[in-house]
Protein chains: 2
Amino acid sequence: MSSEARGAGHVSGVPLPALPPTLADVAERAGVSRQTVSNALNNPDLLRADTLARVRQAIAEMGYSPNRAARNLRTRTSSLIGLRFGPAQEGTANATMDRFVHSLVEASELAGYHVLLFPGDDDDEAVTGYDNLLRSTAVDAFVITDTYLGNPQAAWLTRQRAPFVAFGRPWHDHTARHPWVDVDGAAGTRLATEHLLAQGHTRIAWIGWRKDNPIGEDRRSGWFNAMHDQGLSTTGLASRVEDTINSGAEAAAVLLDESEPTAFVCASDTLAMGVLHTLWIRQLAPGTDIAVVGFDDSQVAQVFPVGLTSVRQPLEDVAVEIVRVLGSLLNHQPVQERGVLLTPTLVVRESSGVADPAERTAT
Amino acid sequence: MSSEARGAGHVSGVPLPALPPTLADVAERAGVSRQTVSNALNNPDLLRADTLARVRQAIAEMGYSPNRAARNLRTRTSSLIGLRFGPAQEGTANATMDRFVHSLVEASELAGYHVLLFPGDDDDEAVTGYDNLLRSTAVDAFVITDTYLGNPQAAWLTRQRAPFVAFGRPWHDHTARHPWVDVDGAAGTRLATEHLLAQGHTRIAWIGWRKDNPIGEDRRSGWFNAMHDQGLSTTGLASRVEDTINSGAEAAAVLLDESEPTAFVCASDTLAMGVLHTLWIRQLAPGTDIAVVGFDDSQVAQVFPVGLTSVRQPLEDVAVEIVRVLGSLLNHQPVQERGVLLTPTLVVRESSGVADPAERTAT
DNA sequence: GGCGACACTTGGAACGATCAACAGGGGGGT
DNA sequence: ACCCCCCTGTTGATCGTTCCAAGTGTCGCC
């Protein structure tokens, strides 16, 4: 084992002693005072180069790492970001949350934060969770993920002056003043539609969610505007249904019978799976006879034998943005933008009719 | 708003003051000393009933909650359980991890713990993560989830005397002495096989993973033994492939051609999806012509038009067991069992040939 | 009435870090 | 030669809780 000084990522080969070393221990070994060691960690610029090196060596030799609790107590921070991890959404093909959490964990780590999960099946439980964590100063900030109509969580957190960033726009609440990060769904469906237009399709159908869902209407507008920009009619080419495979399959059947579209853009991969199902039943080849594009790039889309072309949300970027805004918030720096809107990409696979797309990505 | 005293779940309607109340504030209001308030929280038995009530009322009125950092510092605990949240496994139909994390979060909450996520793409990064969290006393214990052959994480944690519980048996390391909780995969596939046998199938094929995967071999043994218990031959009925849809589809095609099975038991839903694909191509109706059973009860299984019968791991129970063992470990109580093995259930859907199963569950 | 046992309560110290304020040394300007 | 200030590093106090050992009151018993 080398004895050279290493940085924060140091991993000692020896077992942890019963009581880990403290700042004072390191100070004594390095022949300096506690505060100097503290400065070596938090304000290295204040130290002379040789002193800094000496302290760092002592830190490395002893395998010292600052006690979290003590630091938290003194600085009134925790370096923890709270995230409600509600009940698993079984029964849908959507694993967006999973991917997002991964991205958030990584982005947080880079910014020196960790992610703390807490349960909460409904709004009341969620608020109780927020309240407990806030009162006990267990977390520095929150990330909230569902910003559906009238969600009381954002309003409650705002009232408590708790720092938080939302993944998702405050669709119905124009008075909301909290920072948010979201993905431009309309841009995604426009991308999908233009991808199909570029291949000569003119009768491109839409299968989306019910009208009261603002996210669904947003995605729909991308298809709608892309069509009309080309002077193409959308009459009879749109359907609004529940987000289930069966609904998607039925809607596709009806549209095929009544309007003879050559391509489908869907508000979700779940609906797109329904379309694929109908195509199979009718012996129509996805990609060759009829093109299909989904939304979310779910596991099903990736894994299916006929790869499903799908709009992919840049969740990694979303997480990075959220952490960035959170950082500004916590350092009392002004947050320039109220909201950040990111553009998704299109993952092209066989179902949209491009021969051997080899997982191409269009932007 | 009522002014009656409420318990720990109290949610105040008023915004949080700039500085939350402390133990001393509550003590002053209740006309007692700090220690008495502390006892009211941690050792209520020590207080006279009327004093306890008075203190509790003050706590409720002020919306007091003990400062986490101070408590952690003093007691050298954090009430946090560390869980590595590695890279998302895209490209498989498996969302087991997601469901497990949810269960763990809920079970932890009930036991007074929270779950802390940290990244780590490979073993080295994971160990670095463990090391940092341990040295800074940021977590009380760990839960580790992948116990594949030669995983150095368990050995490292053992060497550091860090409390941890593994989800998964230490398959290859018989010297391992750490506690673990796992699901009996063989029992699951036996359940699946016997379910098919009960419906008159005798030529039941197996599609599993490569031989070097002990989990796959375990699951295979359940099918194998169930068949032989009935005096049925398994010759030519087994296939070992990669865990992809395409591999499953190819294996199914070969088996159908060469051995004419009437049912398939698969080591994963991913492979089962492949089987379904081959059936579609060959115009064979799943459930009616050929029965199929998967493993993991993934979203795909639940969501597919032809519901996929699948073995479901009792992840909720796994989480509860893990937290229980963790609790014993942290309270220095002896842990009776080295390992806990839980039995999965079978979720019956259309693909196994039962008419209108209506999501029945067999145990 | 006094004494001891018991039950409950109290003030002081400690956990380990950071904040605030200050001490000594050296260099530059007047 | 003097003053001042910057640079570097030190000391005492503090965050809010729990542990420790001693204090106070009440009660029963002789």
Side-chain angles (χ1 to χ4, degrees), chain A residues 8 16-56 58-59 62-79 112 134-138 140 331, chain B residues 8 16-56 58-59 62-79 112 132 134-138 140:
Chain A
L16 229 51
L19 249 54
T22 72
L23 208 62
D25 298 332
V26 177
E28 191 180 10
R29 175 153 191 151
V32 295
S33 69
R34 292 180 326 235
Q35 183 63 28
T36 302
V37 179
S38 175
N39 284 337
L41 292 165
N42 303 320
N43 303 82
D45 308 341
L46 294 180
L47 298 201
R48 216 170 44 209
D50 61 331
T51 313
L52 183 58
R54 200 152 35 96
V55 173
R56 283 199 169 145
I59 288 176
M62 306 183 77
Y64 168 77
S65 189
N67 182 305
R68 217 79 175 201
R71 171 177 282 180
N72 294 351
L73 174 59
R74 185 62 237 220
T75 61
R76 295 172 182 283
T77 60
S78 66
S79 299
L134 266 183
R135 297 205 120 75
S136 56
T137 60
D140 289 346
N331 294 323
Chain B
L16 228 51
L19 249 52
T22 72
L23 208 61
D25 299 331
V26 177
E28 191 180 10
R29 175 151 191 155
V32 295
S33 69
R34 290 179 325 226
Q35 181 64 19
T36 303
V37 180
S38 176
N39 283 336
L41 292 165
N42 303 319
N43 302 82
D45 307 342
L46 295 179
L47 298 202
R48 216 167 43 208
D50 61 331
T51 312
L52 182 58
R54 198 153 36 98
V55 173
R56 284 202 168 141
I59 289 176
M62 306 183 78
Y64 167 78
S65 189
N67 181 306
R68 216 81 172 200
R71 172 177 281 181
N72 294 351
L73 174 60
R74 184 62 232 208
T75 61
R76 296 172 181 283
T77 60
S78 66
S79 300
N132 287 337
L134 266 183
R135 298 204 117 74
S136 55
T137 59
D140 289 346

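Residue numbers begin at 1 in each chain, while the letters A, B, ... track the order of the sequences. What you see is a predicted model, and the numbers here were worked out from it, not measured in a lab.
One atom, CG of B:Leu73, and another, P of D:dT14, lie 17 Å apart when rounded to the nearest Å. Atom CZ of B:Arg74 is separated from atom C1' of C:dG16 by 11 Å (rounded to the nearest Å). Between B:Gln35 atom CD and D:dT17 atom P the separation is 12 Å, expressed in whole Å. Whole-Å rounding puts the B:Leu19 CG to D:dC15 C1' distance at 10 Å. D:dG16 atom C1' lies 19 Å from atom CZ of A:Arg68, rounded to whole Å. Distance, B:Asp45 CG to C:dA7 P: 13 Å, rounded to whole Å. Atom P of nucleotide D:dT18 and atom CG of B:Asn42 are separated by 5 Å, given to the nearest angstrom. Residue A:Arg71 contributes atom CZ, which lies 17 Å from atom C1' of D:dT14 at whole-angstrom precision.
Scanning both residues, B:Ala69 and A:Asn72, for their nearest heavy atoms gives CB-CB, 3.5 Å. Smallest separation of non-hydrogen atoms from B:Leu73 and A:Ala70: CD1-CB, 3.8 Å. Closest of all the heavy-atom pairs between A:Ala30 and A:Arg54 is O-NH1, 2.6 Å. When all heavy atoms are compared, the tightest approach of A:Gly112 to A:Ser79 is O-CB, 3.7 Å. The two residues B:Gly63 and A:Arg135 make their nearest non-hydrogen contact at O-NE, 2.5 Å.
At C:dG16, one or more side-chain N or O atoms of B:Arg76 fall inside 4.0 Å of OP1 or OP2 (strictly under the cut-off). Contact annotation: B:Asn39 does not reach the phosphate of C:dC8 (side-chain N/O to OP1 or OP2, under 4.0 Å). Between B:Thr75 and the phosphate of D:dT18, there is no side-chain N or O to OP1/OP2 separation shorter than 4.0 Å. Note on B:Tyr64: a side-chain N or O is less than 4.0 Å away from OP1 or OP2 of D:dT17.
Using a 4.0 Å heavy-atom distance criterion, B:Asn72 is classed as making no nucleic acid contact. As judged by a 4.0 angstrom heavy-atom cut-off over every strand, B:Leu46 is placed among residues touching the sugar-phosphate backbone only. Within 4.0 Å of A:Thr36, counting heavy atoms only, lies at least one base atom of the nucleic acid. Within 4.0 Å of A:Arg34, counting heavy atoms only, lies at least one base atom of the nucleic acid.
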Original post:
Going through the checks in order, is the side-chain contact (heavy atoms from CB on, under 4.5 Å) test met by A:Leu47 and A:Val32?
Top reply: CA-CA 11 Å; A:Leu47 298 201; A:Val32 295; over 6 Å; no

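Residue pairs that meet the salt bridge (charged side-chain N to carboxylate O under 4.0 Å, His left out) test with at least one member in residues 24-34 of chain B, sequence neighbours left out, are B:Arg29-B:Glu61.
For the helix from C:dG1-D:dC30 to C:dT30-D:dA1, the angle separating the two terminal helix axes comes to 50°, with each axis derived from five pairs and the value rounded to 10°.
Counting heavy atoms from C-beta on, the side chains of A:Asn67 and A:Pro20 never come closer than 4.5 Å. At a threshold of 4.5 Å between non-hydrogen side-chain atoms, the residues A:Leu19 and B:Arg76 count as touching.
Taken residue by residue, residues 22-33 of chain A places heavy atoms nearer than 4.0 Å to DNA chain D at A:Val32, A:Ser33.
Atom OG1 of residue B:Thr36 and atom CG of residue B:Asn43 lie 11.5 Å apart, to the nearest 0.5 angstrom.
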